[in-house]
There are 2 protein chains.
Amino acid sequence: MTQSEENYLKGIYHLSHAGQQSVATNAIAEHMETKPSSVTDMLKRLAEKGLVDYQRYKGVSLTESGAQSALKVIRKHRLWEVFLVEKLDFSWDEVHEVAEQLEHIKSEQLIDRLDAHLDYPDFDPHGDPIPDKDGKFKAREKRLLSSLRPGDTGVCIGVKDSSSPFLRFLDKYGIALGSEISVTAKEEFDDSMAIRLGGQDLQISHQIASNLFVKPNR
Amino acid sequence: MTQSEENYLKGIYHLSHAGQQSVATNAIAEHMETKPSSVTDMLKRLAEKGLVDYQRYKGVSLTESGAQSALKVIRKHRLWEVFLVEKLDFSWDEVHEVAEQLEHIKSEQLIDRLDAHLDYPDFDPHGDPIPDKDGKFKAREKRLLSSLRPGDTGVCIGVKDSSSPFLRFLDKYGIALGSEISVTAKEEFDDSMAIRLGGQDLQISHQIASNLFVKPNR
DNA sequence: AAATAAATTTAGACAAAGCTAAAAATATGT
DNA sequence: ACATATTTTTAGCTTTGTCTAAATTTATTT
C-alpha cells in the first residue's frame with residue numbers, strides 16, 4: 001500500500017466517524033486538500049483493492065479490510081506522537097507534521113517495540129485513543145467542557161481542535177492533559193465560563209470551552 | 001529532494017569512497033539494484049539540480065552540495081540505527097531495512113533531538129562513523145583484524161561486511177563492538193587465526209578476520 | 001586499425017498520483 | 001416538473017521513476 005493510499009484511508013476513516021456512513025467525494029477532497037477529480041481516481045484504485053465500497057456518484061465507505069488498514073496507520077501516527085512528546089521533548093503542537101511522515105514507516109517489529117518502549121500508552125498527547133494491534137481502543141467518558149455547569153468539575157483529557165494556535169493557547173494558560181478543572185460560573189450572554197485550575201481563576205470563551213474534552217467527576 | 005534522489009546520492013557517495021573519483025553508471029545500477037537506463041535518467045535529473053557533475057559516457061561525481069546532502073542522509077540513517085539498537089533493543093543485523101525508511105523523514109528538529117536523546121553518538125552499531133551536523137566525522141585508527149600478528153591485541157570497532165549472516169555469526173560467538181581481542185596464532189597455510197576473547201579461544205577463518213575492524217593496542 | 005565486446009544512452013511505454021476543463025449525474029428552488 | 005446549481009466523473013495532460021529494446025559510444029582484441 002502506498003503512502004497516498006494510506007492517507008486516503010485515514011482521511012475517509014476520520015470523515016466517516018465525524019459524520020456518518022458514506023463519505024462524499026468533495027468532503028474527502030477538502031479534507032485532503034486536493035481536487036475532487038483526484039479523489040475519484042484514488043477511490044477507483046482503492047475499490048479495486050477491496051479497501052472501500054464505492055459506487056460512482058454515491059460516495060464511499062471503508063470495507064472491513066480498509067478500516068483495519070486505516071486503524072493501523074492511526075495507531076502508528078499516535079504512537080509516534082507519544083514518542084516525540086515523551087522521549088524527544090516535542091511540545092504537543094509540534095508533533096503532527098512529523099508523525100504524518102513517521103506513520104508510513106513499514107515494520108511490524110518497529111511499531112511493536114515502540115509500543116513497548118512507550119509502555120503501551122492508551123492515549124496520544126492530544127488525548128486521542130491509540131488503537132491496539134487489533135484495532136480496538138479504550139473508550140472513556142468524554143464531554144466538552146462547555147457542557148459542564150457551574151459547580152461541576154472534571155479532568156482535561158483531550159482537545160477537539162488540535163491546531164497549533166489552540167494548543168499554544170492552552171500551554172500559555174497552563175491547561176494540559178490531566179489538569180483538574182472546576183467550573184465556577186457560566187455567562188448566559190456569550191456562554192463564556194469562569195474556571196479554576198491549579199490555584200488560578202480563568203475566564204474562557206465558548207470557543208475555547210467547546211474545544212476541550214473533559215472527563216467529568218461525579 | 002525525493003527519496004529516490006536521496007538514495008542515489010547516498011549510493012554514489014558510498015561508491016565514490018570505496019573506489020575513487022567518478023562512478024560508472026553500471027556500478028550505480030548494480031549497487032542500487034536497478035537498470036543502467038534508469039540510472040542515466042536519474043543522473044540527468046541530479047545534474048539539473050546541481051547535485052552531481054555528469055557528462056554522458058563519462059561517469060558521475062558528487063558536487064559539494066550533493067556530498068552534503070548525501071552526508072545528511074547517512075547521518076540520519078546511522079542515528080536511527082543507534083536508536084533502534086539502544087532504545088528499541090533491535091539487534092545489529094535487524095536495523096538496516098528500517099533505517100533505510102527512517103532516513104528519509106524530513107525534519108531538522110527531529111534529527112537534532114534524536115541526536116541529543118542518544119547522547120550524540122560518534123559511531124553506529126556497525127562501527128561506522130556518524131557525520132555531525134556539518135558533515136564531519138571523527139576518525140579513528142581502524143585496521144582489519146587480519147592485519148594483526150600473533151601477540152597483537154585490539155578492540156573490535158566495526159565490520160566491513162554488515163550482512164545479516166555475518167552479524168549473526170559474530171553474535172553467536174560473542175563478538176561485539178568493544179570486545180577485546182588478542183591474536184594468539186596465525187596459520188600460514190590459509191591465513192586463519194586463533195584469537196582469544198572474553199576467556200574463550202576461537203579459531204576464525206581469513207574470511208572472518210578480513211571483515212572485522214579493530215583498533216590495535218600499542 | 002578494423003572487428004567485436006562492453007558500457008552507456010536514447011526512445012518509447014507504463015504506473016502512480018496529481019491537475020484542468022468539460023461532461024454527466026444528482027439535488028434544489030420555485 | 002423543470003430549470004438551475006451543485007457534485008461528481010471523465011478525458012486528457014504532467015511529473016517522477018521505472019522498464020525494455022534499440023542505438024550509440026567507448027574499450028578491448030587480434
Side-chain angles (χ1 to χ4, degrees), chain A residues 1-13 15-16 18-62 66 69-70 73 100-101 103-106, chain B residues 1-13 15-16 18-62 66 69-70 73 100-101 103-106:
Chain A
M1 195 158 26
T2 67
Q3 292 197 189
S4 192
E5 284 171 350
E6 288 186 345
N7 284 334
Y8 273 93
L9 292 179
K10 194 171 53 127
I12 296 167
Y13 182 92
L15 290 170
S16 64
Q20 233 64 254
Q21 323 239 34
S22 119
V23 182
T25 301
N26 265 7
I28 299 171
E30 193 169 336
H31 183 254
M32 319 242 340
E33 301 184 288
T34 183
K35 303 289 158 172
S37 56
S38 307
V39 175
T40 301
D41 287 350
M42 180 56 90
L43 295 185
K44 284 185 199 162
R45 244 173 291 150
L46 293 174
E48 283 283 309
K49 301 195 178 185
L51 296 163
V52 300
D53 288 321
Y54 168 66
Q55 309 169 74
R56 60 203 201 314
Y57 295 107
K58 296 297 183 188
V60 77
S61 60
L62 295 175
S69 297
V73 178
E100 286 286 300
Q101 297 180 62
E103 74 188 5
H104 300 296
I105 302 290
K106 281 163 186 45
Chain B
M1 196 156 24
T2 67
Q3 294 198 186
S4 193
E5 286 171 348
E6 289 185 344
N7 284 334
Y8 273 93
L9 292 179
K10 195 173 49 130
I12 296 167
Y13 183 92
L15 290 171
S16 62
Q20 232 63 254
Q21 323 240 32
S22 121
V23 181
T25 302
N26 265 7
I28 299 170
E30 193 169 334
H31 183 253
M32 319 240 343
E33 300 184 289
T34 182
K35 302 290 159 174
S37 56
S38 307
V39 174
T40 301
D41 288 348
M42 181 56 90
L43 294 185
K44 285 185 199 160
R45 246 173 289 150
L46 293 175
E48 283 283 309
K49 301 194 177 186
L51 296 163
V52 299
D53 289 320
Y54 168 66
Q55 309 169 76
R56 62 206 200 313
Y57 295 105
K58 297 295 182 189
V60 77
S61 61
L62 295 176
S69 297
V73 178
E100 286 286 301
Q101 297 180 62
E103 73 189 6
H104 299 296
I105 302 291
K106 280 162 187 44

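Throughout, a chain's letter reflects where its sequence line sits, starting with A, and its residues are numbered from 1. It should be emphasised that the depicted structure is a prediction, and the values quoted were computed from it without experimental measurement.
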- Identify whether any heavy atom of B/T40 sits under 4.0 Å from a base atom; if not, whether one sits that close to sugar-phosphate; answer base, sugar-phosphate or nothing.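 Here B/T40 touches the bases of the nucleic acid.
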- Message: Heavy atoms only, 4.0 Å cut-off, all strands: where does A/T25 land among base, sugar-phosphate and nothing?
- Response: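 Touches sugar-phosphate only.
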Take the protein atom [atom1] of [X] and the nucleotide atom [atom2] of [N], then report the distance between them rounded to whole Å.
{"X": "A/D41", "N": "C/dC19", "atom1": "CG", "atom2": "C1'", "result": "10 Å"}
{"X": "A/M1", "N": "C/dA16", "atom1": "CE", "atom2": "P", "result": "14 Å"}
{"X": "B/L43", "N": "D/dT18", "atom1": "CG", "atom2": "P", "result": "11 Å"}
{"X": "B/E48", "N": "D/dG17", "atom1": "CD", "atom2": "P", "result": "13 Å"}
{"X": "A/Q3", "N": "C/dA15", "atom1": "CD", "atom2": "P", "result": "21 Å"}
{"X": "B/I28", "N": "C/dA7", "atom1": "CD1", "atom2": "P", "result": "14 Å"}
{"X": "A/K44", "N": "C/dA17", "atom1": "NZ", "atom2": "C1'", "result": "13 Å"}
{"X": "B/Q55", "N": "C/dT9", "atom1": "CD", "atom2": "P", "result": "11 Å"}

[X] vs [N]: side-chain N/O to OP1/OP2 distance below 4.0 Å:
{"X": "A/Y54", "N": "D/dT9", "answer": "yes"}
{"X": "B/S38", "N": "D/dC19", "answer": "yes"}
{"X": "A/S37", "N": "C/dT20", "answer": "no"}
{"X": "A/N26", "N": "D/dT6", "answer": "no"}
{"X": "A/S4", "N": "C/dA16", "answer": "no"}

- Give a yes or no on whether a salt bridge exists between B/K35 and B/E30, defined as a side-chain N under 4.0 angstrom from a carboxylate O.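 The answer is no: the pair does not qualify as a salt bridge.
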- Message: One thing to verify: whether B/E100 and B/K10 come together as a salt bridge, which I'm taking to mean a side-chain N less than 4.0 angstrom from a carboxylate O.
- Response: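 Here B/K10 pairs with B/E100 in a salt bridge, since their nearest N and O are under 4.0 Å apart.
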- Start with the C-alpha distance between A/R56 and A/K44, add both sets of side-chain angles, then the distance that settles side chain to side chain contact (heavy atoms under 4.5 Å, CB included), and finish with yes or no. CA-CA 9 Å; A/R56 60 203 201 314; A/K44 284 185 199 162; over 6 Å; no
Are [X] and [Y] side-chain neighbours, meaning at least one heavy-atom pair lies under 4.5 Å?
{"X": "A/E103", "Y": "A/Q3", "answer": "no"}
{"X": "B/L46", "Y": "B/E5", "answer": "yes"}
{"X": "B/N7", "Y": "B/V73", "answer": "no"}

- Query: If you look at every heavy atom in B/V60 and B/Y54, which pair is closest and at what distance?
  - Reply: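 So the minimum-distance heavy-atom pair works out to CG2-CB, 3.8 Å.
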Between protein and nucleic acid, restricted to nucleotides 23-29 of chain C and to nitrogen or oxygen atoms under 3.5 Å apart, what atom pairs and distances do you find?
| residue | atom | partner | partner atom | Å |
| --- | --- | --- | --- | --- |
| C/dA25 | O4' | A/Y57 | OH | 3.4 |

- Message: From the set D/dT9, C/dC19, D/dT20, return the single nucleotide nearest to any side-chain atom of A/T34.
- Response: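 Given the options D/dT9, C/dC19, D/dT20, the side chain of A/T34 is closest to C/dC19.
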